[in-house]
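Just so you know, these numbers use all the heavy atoms, side chains as well, and skip hydrogens, waters and symmetry mates. Proteins come first, then strands; the chains are lettered A, B, ... in the order of their sequence lines, and each starts at number 1.
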2 protein chains.
Amino acid sequence: MPYHSAPLDLAFYALSDPTRRAVVSRLAEGEVPVSALAEPFDMALPSFAQHLKVLEECGLITSEKRGRSRWCRLVQARFSEAADWMDAERWRATERLDRLELYLDNKEDEGHGGPV
Amino acid sequence: MPYHSAPLDLAFYALSDPTRRAVVSRLAEGEVPVSALAEPFDMALPSFAQHLKVLEECGLITSEKRGRSRWCRLVQARFSEAADWMDAERWRATERLDRLELYLDNKEDEGHGGPV
């Protein structure tokens with residue numbers, strides 16, 4: 001489990017903002033030009049560009065100029081790193097609870113089946 | 001998909017620090033007294049307590065005084081909210097790529113089977 005991971009630090013920090021999560025959600029559906037990406041947000045373009053910068057600097061998204069537009073896309077490998085960390089921890093916590101339940105079930109069975 | 005979610009903002013912010021992620025990892029294995037939780041970290045106790053405060057304020061962990069010790073545990077429901085968000089986005093991105101692949105496969109088949 002990578003505890004000291006600057007990429008994870010930056011990825012989770014980037015995801016701590018609702019605008020940036022909304023951008024990630026939108027890009028999970030495919031590439032989008034910046035203008036279309038910004039459109040649903042009631043936000044000045046420089047502020048929106050700052051959010052894209054945070055996402056781009058941590059490697060969660062990348063962008064490319066095509067003609068007059070700049071297109072953004074999600075970098076799925078980087079997003080998966082963070083999602084994998086979450087899943088691994090969730091799995092360990094769930095597994096522990098399953099073990100605890102099994103232990104308590106066995107203890108109960110022993111109690112019932114023990115000598116009278 | 002909850003875009004504007006203060007709990008998600010706070011949970012992801014809390015997870016953007018390696019010490020706090022390590023605490024979450026440790027607590028995924030079960031309850032731990034604060035003293036044992038702090039032990040592996042080369043950090044003054046007030047700094048460590050500050051990290052626990054961030055985790056507790058966002059609801060990812062909870063703590064309880066028992067005798068002379070304060071015990072911490074992971075709040076799995078809150079952790080799962082963040083993990084669910086990640087999984088849902090990952091699933092959408094993967095599904096989109098699968099659809100794209102299917103489309104390209106079909107297009108290729110059409111090309112081969114089309115009129116000569």
Side-chain angles (χ1 to χ4, degrees), chain A residues 1-32 40-42 51 54-55 58 60-61 73-100 103, chain B residues 1-32 40-42 51 54-55 58 60-61 73-100 103:
Chain A
M1 217 67 50
Y3 289 150
H4 295 275
S5 158
L8 279 185
D9 292 3
L10 296 174
F12 284 124
Y13 173 73
L15 295 173
S16 71
D17 178 273
T19 301
R20 293 195 293 264
R21 284 200 305 279
V23 167
V24 166
S25 281
R26 181 67 192 80
L27 295 178
E29 288 171 3
E31 293 181 297
V32 182
F41 297 98
D42 185 19
H51 283 306
V54 172
L55 286 166
C58 77
L60 277 175
I61 74 167
R73 70 173 177 83
L74 185 65
V75 179
Q76 210 167 339
R78 176 54 48 89
F79 187 77
S80 283
E81 273 174 35
D84 285 345
W85 186 86
M86 299 291 284
D87 280 344
E89 297 309 325
R90 171 149 64 170
W91 185 82
R92 284 165 69 223
T94 309
E95 197 202 31
R96 183 187 70 82
L97 289 176
D98 287 350
R99 277 201 312 268
L100 183 66
Y103 170 78
Chain B
M1 219 66 53
Y3 290 149
H4 295 274
S5 160
L8 279 185
D9 292 2
L10 297 174
F12 285 125
Y13 173 74
L15 294 173
S16 71
D17 178 273
T19 301
R20 294 195 292 264
R21 284 200 303 280
V23 166
V24 165
S25 280
R26 181 67 191 79
L27 295 179
E29 288 171 4
E31 292 180 297
V32 183
F41 298 99
D42 186 20
H51 283 306
V54 172
L55 286 166
C58 77
L60 277 174
I61 73 168
R73 69 173 178 83
L74 186 66
V75 179
Q76 211 169 336
R78 176 54 49 89
F79 188 77
S80 282
E81 273 174 35
D84 285 346
W85 186 86
M86 300 290 286
D87 280 344
E89 296 310 326
R90 172 150 64 170
W91 185 83
R92 285 165 68 223
T94 310
E95 196 201 31
R96 183 186 70 82
L97 289 176
D98 288 350
R99 277 202 312 268
L100 184 65
Y103 170 79

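Checked by atom type and distance alone, the side chain of A/Ser80 never pairs as donor or acceptor with a backbone atom of A/Ala77 at under 3.5 Å.
The only option from A/Arg78, A/Gln76, A/Arg20 that meets the side chain to side chain contact (heavy atoms under 4.5 Å, CB included) definition with A/Leu60 turns out to be A/Arg78.
In this structure, the portions of A/Leu15 lying under 4.5 Å from any heavy atom of chain B include both its backbone and its side chain. Residue A/Ala14 does not touch chain B at all, counting heavy-atom pairs closer than 4.5 Å.
A search for salt bridge (Lys or Arg N to Asp or Glu O under 4.0 Å) contacts involving A/Glu29 returns A/Arg26, B/Arg92, not counting sequence neighbours. Under the rule for a side chain to side chain contact (heavy atoms under 4.5 Å, CB included), the partners of A/Arg73 that lie at least two apart in sequence or sit in another chain are A/Glu31, A/Thr62.
Listed options B/Asp87, B/Leu27, B/Leu74 were ranked by heavy-atom pairs under 4.5 angstrom with chain A; first place goes to B/Asp87. For the options B/Ala11, B/Ala83, B/Ala82, heavy-atom pairs under 4.5 Å to chain A are most numerous at B/Ala83.
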